[in-house]
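Please read the structure below before turning to the comments.
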Amino acid sequence: MIISPTPIIYGLIFVAVLLLVEGIYLLVFGKSISLNSRVNRRLELLEKGGRREAVLEQLRREISQHRNSKGIPLYSLLAEKAQKANIAFSPRALMAVMGLLVVVAYLGLTIGTDAAAPVRLALAVAMGVGAVYLWVSGKANKRMSMIEEQLPDAIELMVRSLRVGHPFSAAIQIVSREVADPLGSEFGIIADEAAYGRNVSESLADLAERMDMQDLRFLAVAVSIQQSSGGNLAEILEGLSKVIRARFRLFRRVKAITAEAKWSGKFLSAFPLGVLLIIQVTSPTYYDAVKETSAFVPAAIIVFVFLGINMLFMRAMVNIKV
């Protein structure tokens, strides 16, 4: 049995490139940029001696730079996810990192494989661009999930603050100090903007639009209505917190119910690719007898088209909105 190490080398190079992105990110911006940090990034920047105005300007520049760069060709595919992930790299820096990863992947393929130069170049571009896209997408999904989990606790903290007599701006400030990232820094930006004269409901609405999150829209609308028509904001926010928690429980229940179908879909979609990889590793000459025939390429294209349709169909079946 002939075992070809080439696919394994490709996989190891791609994993190395993916880990290199995270390493560069932490090296440039420090541990505070990580969502696992207990102290939110805004407070850490202030503790390092940064002026409040400078820290606010830096954070606002980071949250808006990707939204303002959607017009760049091809980068628009990445801009929305980079905005939700709040990637501190500027668009130019992110594209430079992408280029660096392409170079690293090309060098790795040159050292570890005997593939032709055009093949190495195509694979290096795919690895560099794909690694950055997967990294940004993972960051965005993790950040959105954490905000969804933190929001009910943050609203309840505001309710308790309002009931002891604090104004709403002070309640926002308390959340910015007591809640970890990502929500802590976001509410810190809102608190700083309110201190410099911006309407809190406008800041909340802007946050909701940037995150494209329905629960944040509910919060922004509740605060806006209370400011315009009056009422007991603590009771409004308490009811909102209960609604968000109920929706979150329902979402978790739906996720548990559809877990088997999701994993079945992933398995059925990945199984043909896994079999193809195993065949290429264990018997690289398996398709030699047919790959020169005229029907091989059209048949392969049809198979991969149907595989893609299967992936999309399975995803649509289990993607239930709550």
Side-chain angles (χ1 to χ4, degrees), residues 2-37 41 58 61-63 65-145 181-182 266 269-270 273-274 276-282 284 304 308 311:
I2 302 174
I3 298 179
S4 174
T6 303
I8 299 175
I9 294 174
Y10 289 160
L12 292 176
I13 292 174
F14 181 73
V15 172
V17 168
L18 191 59
L19 293 176
L20 184 60
V21 186
E22 182 71 14
I24 295 173
Y25 195 56
L26 294 177
L27 180 64
V28 174
F29 295 102
K31 189 179 179 181
S32 66
I33 202 69
S34 172
L35 295 178
N36 298 322
S37 178
R41 185 160 181 253
Q58 178 181 347
R61 183 175 62 253
E62 290 176 0
I63 65 178
Q65 58 188 354
H66 299 289
R67 178 170 51 183
N68 297 333
S69 302
K70 290 183 178 180
I72 300 176
L74 298 180
Y75 188 78
S76 58
L77 301 174
L78 190 65
E80 184 176 352
K81 290 185 178 295
Q83 175 186 315
K84 291 181 179 180
N86 196 28
I87 300 299
F89 279 133
S90 67
R92 289 184 178 180
L94 195 58
M95 295 177 72
V97 169
M98 199 179 296
L100 175 62
L101 295 181
V102 170
V103 173
V104 172
Y106 184 82
L107 291 176
L109 291 170
T110 301
I111 296 172
T113 68
D114 296 327
V119 175
R120 294 199 306 269
L121 181 60
L123 286 173
V125 172
M127 287 182 180
V129 175
V132 171
Y133 184 84
L134 287 178
W135 177 73
V136 172
S137 181
K139 288 279 188 182
N141 293 335
K142 181 179 180 181
R143 191 167 186 268
M144 295 287 288
S145 297
D181 272 342
K266 290 178 180 179
S269 300
L273 298 177
L276 178 62
L277 178 62
I278 292 173
I279 291 175
Q280 288 297 108
V281 170
T282 58
F304 279 102
M311 292 180 179

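Below, each value reflects all heavy atoms present in this structure, side chains not excepted, and no hydrogens, waters or symmetry copies. Keep in mind that this is a model prediction, so the values were computed, not measured.
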For residues [X] and [Y], report the shortest heavy-atom separation together with the two atoms involved.
| X | Y | value |
| --- | --- | --- |
| Ala140 | Ala85 | N-CB, 3.5 Å |
| Gly128 | Val102 | CA-CG2, 3.9 Å |
| Gln65 | Ala88 | NE2-O, 3.3 Å |
| Gly130 | Phe14 | C-CE1, 4.2 Å |

Kindly say whether Tyr133 contributes a backbone atom to a donor-acceptor pair with the side chain of Ser137 at under 3.5 angstrom?
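No, because the side chain of Ser137 does not come within donor-acceptor range (under 3.5 Å) of the backbone of Tyr133.
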Could you work out, with ring-ring contact (aromatic ring centres under 6.0 Å, His included) as the rule, every residue matching Tyr25, not counting sequence neighbours?
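So Tyr25 forms a ring-ring contact (aromatic ring centres under 6.0 Å, His included) with Phe29, Phe89, Trp135.
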At what distance, to the nearest 0.5 angstrom, does [atom1] of [X] lie from [atom2] of [Y]?
| X | Y | atom1 | atom2 | result |
| --- | --- | --- | --- | --- |
| Asp181 | Arg143 | CG | CZ | 7.5 Å |
| His66 | Asn86 | NE2 | CG | 7.5 Å |
| Thr110 | Ile13 | OG1 | CD1 | 8.5 Å |
| Ile87 | Lys81 | CD1 | NZ | 11.5 Å |
| Ile9 | Leu12 | CD1 | CG | 7.5 Å |

Please list, chain by chain and in numerical order, all residues satisfying side-chain hydrogen bond (donor to acceptor under 3.5 Å, both in side chains) with Ser145, sequence neighbours excluded.
none
With sequence neighbours excluded, what pairs up with Glu80 under the side-chain hydrogen bond (donor to acceptor under 3.5 Å, both in side chains) test?
none
Sequence neighbours excluded - salt bridge (charged side-chain N to carboxylate O under 4.0 Å, His left out) pairs with any residue from residues 12-26:
Glu22-Lys139
Among residues two or more places apart or on two chains, list those pairs meeting side chain to side chain donor-acceptor pair (under 3.5 Å) that have a residue in residues 89-104.
none
Is a side-chain donor-acceptor pair under 3.5 Å present for Arg120 with Thr113?
no
Among pairs that include at least one residue of residues 96-121, which meet ring pair (Phe, Tyr, Trp, His ring centres under 6.0 Å), considering only residues two or more places apart or in two chains?
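Pairs touching residues 96-121 that pass the test: none.
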For residues Val129 and Met98, determine if any side-chain heavy atom of one lies less than 4.5 Å from a side-chain heavy atom of the other.
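SC-SC contact between Val129 and Met98 confirmed.
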